[in-house]
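Throughout, protein chains are lettered first and strands after them, A, B, ... in sequence-line order, and every chain is numbered starting at 1.
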Amino acid sequence: MASKRVSAAGIIFANMHDSTITDLTKIRTTGSVPFGGRYRLIDFPLSNMVNSGISSVGVITKSNYQSLLDHLGSGDEWDLSRKTGGLFLLPPYGRAADSYAAGGLYRGRLEALANVIRFIERVSDDYVVMCDCDVVANVDFKKILKAHIQKGADITAVYGRGSYTHDTLKTKTVLNVNQDGLVYDVLIRPRFEKLNKLGGGEASGDEHSCVEANVSLNMFVMSKEFLLNMVKESASRNLYNFEIDVIQHRCKELKIIGYQYDGVYSQIDSIMSYHKANMALMDFAKRADVFNSERPIYTKIRDEAPAKYGLEACVTNSLIADGCIIEGSVENCVLFRGVKVGKHAVVRNSIIMQDAEIGEKCEMNYVIADKDVTLGSYRTLEGTENYPVFVDKGAKV
Amino acid sequence: MRHVKKECVAMILAGGQGARLYALTQEMAKPAVPYGGKYRLIDFPLSNCVNSGIDTVGVLTQYLPLVLNEYIGNGHPWGLDRVHGGVHVLAPYESSGGKSWYSGTANAIYQNINFVDRYNPEYVAILAGDHIYKMNYAKMLDHHKATEADVTIAVLEVPWEEASRFGIMATDENGVINEFAEKPAEPKSNLASMGVYIYSWQTLKKYLIANENDVTAKKDFGGNIIPDMLKDGCKMVAYNFDAYWKDVGTIDSLWEANMDLLNPKIPLDLYDPNWRVYSRTDVMQPHYCGDNCTIENSMISEGCNIDGQVDSSILFAGVTIEKGAAVNYSIVMPGATVKAGAVVQYSIVGENSVIEENATVGGDPATIADKDSWGVAVVGHGVDIKADTNVPPKAMIDKQRA
């Protein structure tokens, strides 16, 4: 008899990290934050799952999810509109959490999973891949699942290894792994001094100095059986935070294996890192890695005509989406679909989301403009690299 | 299967070979020829149908249908994947009667009478699959109903000197057609048929069957159906259309039609959110403009990487223009690459072709004394133009002659 095919279901947390980029999540989930000229952050985990052969994906959401539902629709743009499996949208359905797992607004991943336990029970896959929407990367979960099975792990936690400063590390979770790949220590929002000791980096009081660290990418693999037990057990103990109550507190008791993701990734946990992650796409090699043509990142189609450049357009080092009409200067920018840049306007180092209209002779530097922003003529907006100016959705300047 | 009645079914004639587009139609029918940075010609009639509320469309294919079949698929990009109706590709078929290839436009519809009858429509729109225009067929249908016509033919005023290239309609003061001449030497009118017809289906069906049974008759609309209906006194009404319309029969007209998109004086707006032109496109990231690029008066699609100089050109998805390369007054189709030092001007470069380092393609008409030897240069699909070679103006290079 042939052995059963190994397969995994996917679970995506759309609202995790909402509080880290509050400007962008005032009116939407982290998953529906626009990114890279035509995408929403959820496109990355969702496409990665689809490209890894995952055919049932549940998207857990909590609040502000209208734009998310609008974006995902039936899931057919990700090829997830299927007869069996496909896309499952899992918004809260109960009253506000008056008791654990009442189907209301969850407090953490474990409680959220308890709310959707029927979805997990019903999928026919033996494994579950779980991730958030804060990482922009092209990840092959098939490889990670294979490693998970090979190592006989209870949980496989994906991390990226990189060089971090005090500032960039203080929002992250660090996974310290031993030579067998076993996670033996977990630091949530670590302090710099502590890290020097544990991570073996050079001790220094300088805030610009860097240390090498394994940073959790909030992607986890486990068997469905393990997940169900973990969720039920946690419910009976009223534990709701997966990171603290499972990964951190039980790392000595469980076999949690760290999996190092070697590709290009950007983790978004502040408006600065959001800006930086967008700008990282200007690099050819990084762009080619994230937008691997064998493993495309899918998104909602908008049927825009190609971008049009006027006679006096001048555009360098920028990403320009379809439907833009550019008559001014654009430098180091990401322009989303349908952005209009007027004559003699100068836009630099900025991220302009869809359908913005920038009037003639405007000057913009380090601006993040949300959707549908209108700038009259002769307006000047000037931010800095560390503090980009943010313009709300629909604002008229 | 149960079929829900439709008021109007559209039939798009998409079997055309487009022989005068040579290298560009060696692997695909003319309606599948790429246009405007992300479209294929058939996107225009398909999008017009959807935007006009016609949700049941038959696409009649014959010549090299692979690209077109794959492109149309289930019709999803145009919103034509419907429970009732939707888009259907209708290739010629064999039956116990031994019928096979479509022997003309009328014969193509005749062979698909059963398809149309399933929806029991009052009206049928017959459309060409290879014209570029935005038209609301619903308004034309209203006109057809208001005038109680048997057939309504969309017409366009053309310059008198060009009238003999078209099917010309002469009308009375009420717009009723009283004379029709296919490519007349001495035209009596400058109202040219656009190849857009709305017929009352029962009347058309009668004529299609009669035409088929007449062994001597030509099996197309211009040749017999329209003259026969006129002779019999059917009510034939002209419907005036005065917006942009283009039939791209030749390389030069295909090139011109693309250049029209860059001309602000030409009223073909592809950016109107209320009348989108839909197409099936690969999902690609926004295009990237590098530090060394200069782009002027051009249209550029997603997935391109541009680090060279681009002027008055149209680049399709996934095109690469390397640093030091120049592309002027040209159309570069999906996935093509122009390498460093290469110069492409007044040219059409086909899908996935490569112009190697320092090669030159095409030339500026201003630099050529003998105007007759000038023309748009064409590099067909999947051709590799070797480094340091020259493709002169008007030349046509395809895979066989690379």
On a heavy-atom basis, which atom in [X] and which in [Y] lie closest, and how many Å separate them?
X        : Y        : result
A:Arg38  : B:Glu302 : NH1-OE1, 2.6 Å
B:Tyr271 : A:Lys308 : OH-CB, 3.2 Å
A:Pro306 : B:Gly36  : CG-O, 3.4 Å
A:Gly37  : B:Pro286 : CA-CG, 3.8 Å
B:Cys293 : A:Val315 : SG-O, 3.1 Å
A:Ile297 : B:Val283 : O-CG1, 3.1 Å

Presence of salt bridge, B:Lys38 and A:Glu304, under 4.0 angstrom: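 No salt bridge links A:Glu304 with B:Lys38.
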
Most heavy-atom pairs under 4.5 angstrom with chain B, which of [options]?
options                               : answer
A:Ala321, A:Cys324, A:Ala307          : A:Ala307
A:Gly323, A:Pro296, A:Ser318          : A:Ser318
A:Cys314, A:Gly36, A:Ser293, A:Gly310 : A:Gly310
A:Asn317, A:Ile325, A:Thr316          : A:Asn317

Return the [atom1] to [atom2] distance between [X] and [Y], rounded to the nearest 0.5 Å.
X        : Y        : atom1 : atom2 : result
A:Asp76  : B:Asn74  : CG    : CG    : 9.0 Å
B:Ser312 : A:Leu311 : OG    : CG    : 7.0 Å
B:Leu270 : A:Asp303 : CG    : CG    : 12.0 Å
A:Asn292 : B:Gln285 : CG    : CD    : 10.5 Å
B:Met284 : A:Thr299 : CE    : OG1   : 15.0 Å
A:Leu319 : B:Cys289 : CG    : SG    : 8.5 Å

Leading residue by heavy atom contact count with chain A [cutoff under 4.5 Å; candidates B:Leu261, B:Leu262, B:Asp291]: B:Asp291

Options B:Asn305, B:Thr294, B:Thr281, ranked by heavy-atom pairs under 4.5 Å with chain A, top entry: B:Asn305

Test item: B:Asn297 and A:Tyr309 side chains (from C-beta on) under 4.5 Å apart, heavy atoms: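 Side-chain contact under 4.5 Å: no.
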
Region of A:Phe336 that comes under 4.5 Å of a non-hydrogen atom in chain B: neither

Interchain contact, B:Tyr39 with chain A, by part (heavy-atom threshold 4.5 Å):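 Contact with chain A is through the side chain of B:Tyr39 alone.
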
Other residues, nucleotides, ligands: >12 heavy atoms within 6.0 Å of B:Tyr329 OH: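 Atom OH in B:Tyr329 is not packed in, count stays at 12 or less.
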
